[in-house]
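Below you'll find the structure I mean.
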Amino acid sequence: MKTLNLAFLFLASSAFATEVIFEKDNSFPIVYINAAFTVGAVHDPLDQSGQAYLLCQMILRGTATKTKTQIEEYLDQLGARLDCETRAESIVFRGAVLTGQFSSFSEIFLDLLSHPSFPQAELIKLKSEVTSRILEQQGKDNSLAKRHFDSWFFGQHPYAKPVIGKLKTIPNITSESLKSAFDKWMHAGTLLIVATGDIEQSQIENFARQVVKNRPKKESPPSIDVPQVAQKQRVQFIDKPDRSQTQINVGQLGIKLNDSKYHALYLANHAFGGGSFSARMMTEVRVKRGWSYGAYSYFKDASQPKLWQYYLFPASKDTLQALKLTLEMTKEFQKSGITEAEFESAKRSLVNNAGFNFNTPLKRVENTLSEHLLGLPEGFWKDFGEKLNDLSHSEVNNAVSSFIKPDQLAISVLGTASQLKSGVAKTLGIDEKEIQTVSYSEDP
Amino acid sequence: MKKLLLSAFLIIFSMSCSTTADSSLDKDTLPFFGKYRAFRFVLDNKLKLIVIRDTSSPTFSMQTWFDVGSRHERKGYTGLAHLFEHMMFKQTKNLKEGEFDKILEEAGAEGENAFTSHDYTAYVQELPSDKLELVLKLESDRMVNLIVDDKAFKTEREVVQNERRFRNENSPDGTLWQELFGLAYTKHPYHWPVIGYEEDLKRMTAEDARKFYESYYTPSRATVVLVGDIDPYQALKLARQYYGKIGNRELPKELQTKIVQEPTQKSVRRKSVKLNIKVEKLMMSYPVPGIAHHDMPALNIIEALLSEGKNSRFERNLIDTGIASSAESGTYENVDPSVFVFTVNLQNNKPAKTAENIILKELEDLKTKPITETELKKAKNIFQFQFIDGLSTNYQKAHFIGQYETVLGHFKEGLRNIDALQNVTALDVQRVAKKYFSPNARTVLIGVKK
């Protein structure tokens, strides 16, 4: 891969300090600019889950001088895009505009980030839309299953909070609570500006300087504790009628990206279920048996250990066999790790592929953003391939052996209980009463 | 998406093979977009090779597009094009099952996958630029040396049946899409879902897949697109080496029949489907022409007016009014006469019928009141931005070229469509709205709570 040309700019004044990451790219007459804040759904008050999501959306719905319609019409006239993405631990505004329109675009972007008005009428409409989206998700088995799984797995920990919020907490969110969260958390101290495109660095700097001036630094949001989860097997059944297919999610507590074992576990996971067609899960579940279109394992990354999880969606008729097989595979994975051949293959694959982590300017600035948001050392993604290349087979298997906990898995099945629940209990060798059953229409 | 195999049928790739004197269709490069230019070559066996050089990173995207999709299937064999796509990842005369994937993965492949639509099937991957010869060798091998054995076919059929459960049976949106096309088309193959009907999948055999391969996977139906850090003349040399020897096969007589065209829709078709959902869903379609038609740019402008951008008419009249949580519109880009589709997710306790009435009113407004120049300019700006944004990666450029080469014969046609958008007038929009949005020509699907 070629040498990167990243310019890190630190705005001078300590009172207003924020960080700007920029890389020039004149392939196309377009500019991509993001404003990220290190506050997200995990910081929502318990009774106001969804606050960060609504905050993010409401910032786009009115300023002191412009209505939602005026803002949207202005952006459309420019042919620009400006969206807001809420994550567990961050809020990211993503803008894109043709170079010739950047100046006009930056004016409205600055106004939105500086003077949002949180109009009551817009909040009422937004809450109704969000409530309907949550209800709409109940029709989609994969997202429904994951929503239930996350909430059940993390219990009282902030990672349990769904980004979009809950049916019972959305009504509690008010214009005042959004204003207060904005004042408290969205300022120079939590802000990061990231940009690439056909534009001069000075124009991005100038934009950042103005945002910082309007949003001086305040206190940082509290850090998140390490989740404490049950150290025993748990089983959940999400009951939904008329299913010809189930959604199986199985997981345990994950690992931080900057943990010394992370690279070893990442490599091992790639061989076990990392999405490739040569991975064990795909080979055993799909290629050999045809039981599920997909069978994957992955880490969910966050500032604290989050999840190591696998996911498959077999036909109802194959569910019990598939569940049994994957649990046995997990035990074997913990006991014996991966073979020398799997290790060599996974390493070659990941090391040769690592360049795709940063082969475009957009990816490079996104990586730097991710390093900042997750508290990773600078160059974490750029060095990723090199770190994997340095691993030995025994390091990888030692990491797997100590990390994987086959007896502490959280096992969740979405399907039709009358067809499958007793079979799941039998397959797992437990009493049916030990399975926590929840109706699919019950919002977690 | 994905996978399969073939046997030693190919004794026949005889006739049109030539290893020498491939011709370059265009001696000079053709303009693509911005600073990019395209090298366009056609080998003697009619396989097209398009190369765009971009040395900004030592990687490239490779896509192989075949002019075959569910539109080429016959009744009783629905889903065969897609099922066959899965089989393409299986054994060849030179590689055991699993080796194709493994070799590419170890080479560092990114996004190795495939997809099938009504009109085409494509195989895609990205690789470090020193892996060009490797991937050309592997892709050309499976174009001619695939082995479809019975056991692998049966397993992969199971996988596809499961994919079908995932995308259609257990998905409210998937179910409604299948019903919509099933109702909007009565004769044309767009009537059936790309993934096929369960009963057809159950009945299909490895022999059907072998015949499909022999019939459609031939150089004259293929376009290879390379975008990235690639020397175009080196790519041509390697393409001649690996694909040049592959002969074309004639389409069997029984498959040479003309595709049945859809009769004009003269009355409203309507269906309500009970689903495990909490909010109602609406899908509605109108017949429109295929992608090559000169009215397509004006239809694209209508799409932008109604549902693109932040302040579209649907945003104002369906979402801001508390009726819908999302509303989209657009033309399905098909070779044969297509459909303009509206999809709406209603808000809680709001009936789909209300959304339908609002859409009907919006369409009547388009017919009776010319849109303003400001609205027109806005729609054009939105499209211009989407076009440029949509070509920013190697993958996206390769996709644009592959799609237009396959469905319209040349990528220039795609660029022409984009240029034509800038010439659409308010009167064009009004004329096209009157021509295609007759209330009697609509098909309405409503998803309601069970």
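Per chain, numbering begins at 1; letters A, B, ... match sequence-line order. Any value given below was found using the heavy atoms of this structure, including those in side chains, with hydrogens, waters and symmetry copies removed.
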(request) Could you tell me which non-hydrogen atom of A:Asp242 sits nearest to which non-hydrogen atom of B:Asn170, and how far apart they are? (result)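 So the minimum-distance heavy-atom pair works out to O-OD1, 4.3 Å.
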(message) Closer than 3.5 angstrom, by distance alone: can the side chain of B:Thr155 be matched with the main-chain N or O of A:Arg289 as a donor-acceptor pair?
(response)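 The answer is no, because no donor-acceptor pair under 3.5 Å joins these two groups.
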(message) Taking every non-hydrogen pair under 4.5 Å, which of B:Lys278, B:Glu375, B:Gln384, B:Glu158 racks up the most with chain A?
(response)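 Max contact count across the listed options: B:Lys278.
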(message) For B:Ala109, is there any backbone N or O sitting under 3.5 Å from a side-chain donor or acceptor partner on A:Asn353?
(response)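 Answer holds: yes.
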(request) Compute whether any side-chain donor of one residue and acceptor of the other, for A:Tyr74 and B:Asn311, lie under 3.5 angstrom apart. (result)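 No donor-acceptor contact under 3.5 Å links the two side chains.
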(request) Measure B:Lys151 against the heavy atoms of chain A and call it side chain, backbone, both or neither at under 4.5 Å. (result)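 When you check distances to chain A, no heavy atom of B:Lys151 falls under 4.5 Å.
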(message) Does any backbone or side-chain atom of B:Tyr36 lie under 4.5 Å from a heavy atom of chain A? Answer side chain, backbone, both or neither.
(response)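 Only the side chain of B:Tyr36 comes within 4.5 Å of chain A.
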(message) Working to the nearest 0.5 angstrom, can you tell me the gap between A:Ser128 OG and B:Ile323 CD1?
(response)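 These two atoms lie 10.5 Å from each other.
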(message) Please classify the contact between A:Ile30 and chain B as side chain, backbone, both or neither, with a heavy-atom cut-off of under 4.5 Å.
(response)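 For A:Ile30, side-chain heavy atoms alone lie under 4.5 Å from chain B.
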(request) Please report the shortest heavy-atom distance between A:Pro314 and B:Asn162, naming the atom on each side. (result)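 Nearest heavy atoms, A:Pro314 then B:Asn162: C-OD1, 3.6 Å.
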(message) Just by distance, no angles: are the side chains of A:Tyr293 and B:Arg167 close enough, under 3.5 Å, to form a donor-acceptor pair?
(response)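 Looking only at side-chain atoms, B:Arg167 and A:Tyr293 do form a donor-acceptor pair, the distance falling under 3.5 Å.
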(request) Name the region of B:Ser312, side chain, backbone, both or neither, that has any atom closer than 4.5 Å to a heavy atom of chain A. (result)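 Just the backbone, heavy atoms under 4.5 Å.
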(request) Could you tell me which of B:Gly174, B:Ala379, B:Ala107, B:Ala324 has the largest number of non-hydrogen atom pairs under 4.5 Å with chain A? (result)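 Ranked by heavy-atom pairs under 4.5 Å with chain A, first place is B:Ala107.
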(request) Against chain B, work out which of A:Gln245, A:Arg348, A:Gln137 has the most heavy-atom pairs shorter than 4.5 Å and name it. (result)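 Top option by heavy-atom pairs under 4.5 Å: A:Gln245.
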(message) Quick check against the 3.5 Å criterion: does A:Glu129 have a side-chain atom that pairs as donor or acceptor with the backbone of B:Ser325?
(response)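 Such a contact is absent between A:Glu129 side chain and B:Ser325 backbone.
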(message) Out of B:Val279, B:Asn394, B:Ile277, return the one with the most heavy atom pairs under 4.5 angstrom to chain A.
(response)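 So the answer, after comparing B:Val279, B:Asn394, B:Ile277, is B:Val279.
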(request) Please determine, among A:Pro361, A:Ala346, A:Ser27, A:Ser345, the option with the most heavy-atom pairs under 4.5 Å with chain B. (result)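 Looking at each of A:Pro361, A:Ala346, A:Ser27, A:Ser345 in turn, A:Ser345 comes out on top.
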(request) Taking all non-hydrogen atoms of both residues into account, name the closest pair between B:Asn348 and A:Ser132 and its distance. (result)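 Of all heavy-atom pairs spanning B:Asn348 and A:Ser132, the closest is N-OG, 2.9 Å.
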(message) Is it the case that the side chain of B:Glu169 and the backbone of A:Ser244 share a donor-acceptor pair, with hydrogens and angles ignored and the cut-off at 3.5 Å?
(response)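 Not a single qualifying donor-acceptor pair exists.
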(request) Could you tell me which portion of B:Glu308 (side chain, backbone, both or neither) has an atom closer than 4.5 angstrom to a non-hydrogen atom of chain A? (result)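 The backbone, not the side chain.
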(request) Sort A:Thr360 into side chain, backbone, both or neither according to what part of it lies under 4.5 angstrom from a heavy atom of chain B. (result)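 Answer is neither: A:Thr360 stays 4.5 Å or more from chain B.
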(request) With a 4.5 angstrom heavy-atom cut-off, could you sort out which part of A:Val97 is near chain B: side chain, backbone, both or neither? (result)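 Looking at A:Val97, just its backbone touches chain B.
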(request) Could you tell me whether a side-chain N or O of B:Asp101 sits under 3.5 Å from a main-chain N or O of A:Ser278, the two making a donor and an acceptor? (result)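 Not confirmed, B:Asp101 side chain does not pair with A:Ser278 backbone.
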(message) Measuring only between side-chain heavy atoms, which start at C-beta, is B:Glu97 closer than 4.5 Å to A:Val287?
(response)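 Of all side-chain heavy-atom pairs linking A:Val287 with B:Glu97, at least one is under 4.5 Å.
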(message) Measuring only between side-chain heavy atoms, which start at C-beta, is A:Arg286 closer than 4.5 Å to B:Glu156?
(response)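 Sidechains of B:Glu156 and A:Arg286: in contact.
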(request) Search all heavy atoms of A:Phe356 against all heavy atoms of B:Gly108 and return the closest pair with its distance. (result)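 The answer is CE1-O, 3.4 Å.
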(message) Can a donor-acceptor pair be found, under 3.5 Å and without considering hydrogens, that links the side chain of A:Ser349 to the backbone of B:Glu105?
(response)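 Checked: pair present.
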(request) Go through the atoms of B:Lys35 and report whether side chain, backbone, both or neither lie under 4.5 Å from a heavy atom of chain A. (result)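 For B:Lys35, side-chain heavy atoms alone lie under 4.5 Å from chain A.
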(message) Heavy-atom pairs under 4.5 Å with chain B - which of A:Lys125, A:Gln138, A:Glu136 has more of them than the others?
(response)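 Going by pairs under 4.5 Å, I would pick A:Glu136.
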(request) Using non-hydrogen atoms and a 4.5 Å limit, figure out which bit of A:Lys68 sits close to chain B: side chain, backbone, both or neither. (result)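 The side chain, not the backbone.
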(request) Identify which part of A:Ser441 has an atom lying under 4.5 Å from any heavy atom of chain B, answering side chain, backbone, both or neither. (result)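 A:Ser441 touches chain B through backbone and side-chain heavy atoms alike.
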(message) Within this structure, what is the CZ-CG distance for the pair B:Phe166 and A:Asn142, rounded to the nearest 0.5 Å?
(response)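 Answer for the CZ-CG pair, B:Phe166 versus A:Asn142, is 4.5 Å.
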(request) Give a yes or no on whether the backbone of B:Lys310 and the side-chain of A:Asp76 come within a donor-acceptor separation of less than 3.5 Å. (result)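 Checked: pair present.
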(request) Go through the atoms of B:Leu127 and report whether side chain, backbone, both or neither lie under 4.5 Å from a heavy atom of chain A. (result)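 For B:Leu127, backbone heavy atoms alone lie under 4.5 Å from chain A.
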(message) Taking B:Arg316 first and then A:Glu72, would you say they form a salt bridge - that is, a charged N and a carboxylate O separated by under 4.0 Å?
(response)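 Not counted as a salt bridge, because no side-chain N and carboxylate O are separated by less than 4.0 Å.
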(message) If I measure from the heavy atoms of chain A, does B:Gln161 come under 4.5 Å with its side chain, its backbone, both, or neither?
(response)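 B:Gln161 has no heavy atom closer than 4.5 Å to chain A.
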(message) Under 4.5 Å from any heavy atom of chain B, what part of A:Lys317 do you find: side chain, backbone, both or neither?
(response)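 It is the side chain, since no backbone atom gets that close.
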(request) Using non-hydrogen atoms and a 4.5 Å limit, figure out which bit of A:Phe28 sits close to chain B: side chain, backbone, both or neither. (result)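 For A:Phe28, the contact with chain B is made by the side chain alone.
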(message) Report which part of A:Asp318 has an atom under 4.5 Å of a heavy atom belonging to chain B: side chain, backbone, both, or neither.
(response)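 It is the side chain, since no backbone atom gets that close.
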(message) Out of B:Lys378, B:Lys350, B:Lys380, return the one with the most heavy atom pairs under 4.5 angstrom to chain A.
(response)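 Ranked by contacts with chain A, first place is B:Lys378.
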(message) Is it the case that the side chain of A:Asn352 and the backbone of B:Glu106 share a donor-acceptor pair, with hydrogens and angles ignored and the cut-off at 3.5 Å?
(response)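 Yes, A:Asn352 side chain to B:Glu106 backbone: donor-acceptor pair under 3.5 Å.
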(request) Answer with side chain, backbone, both or neither: which region of B:Leu275 has an atom nearer than 4.5 Å to a non-hydrogen atom of chain A? (result)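 Answer is neither: B:Leu275 stays 4.5 Å or more from chain A.
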(request) Return yes when atom CD of A:Glu386 has more than 12 non-hydrogen atoms of other residues, nucleotides or ligands closer than 6.0 Å, and no otherwise. (result)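 Result for CD/A:Glu386: open.
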(request) Against chain A, label B:Lys281 side chain, backbone, both or neither, depending on which of its atoms sit under 4.5 Å from a heavy atom there. (result)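 For B:Lys281, the side chain is the part near chain A, not the backbone.
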(request) Would you check if A:Trp291 and B:Val159 make a side-chain contact, meaning some heavy-atom pair closer than 4.5 Å? (result)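 A side-chain contact is absent here, since even the closest heavy-atom pair is not under 4.5 Å.
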(request) With a 4.5 angstrom heavy-atom cut-off, could you sort out which part of B:Asp173 is near chain A: side chain, backbone, both or neither? (result)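 The side chain, not the backbone.
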(message) Are the side chains of A:Phe358 and B:Ser57 in contact, using a 4.5 Å heavy-atom criterion?
(response)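 The answer is no; the side chains never approach within 4.5 Å.
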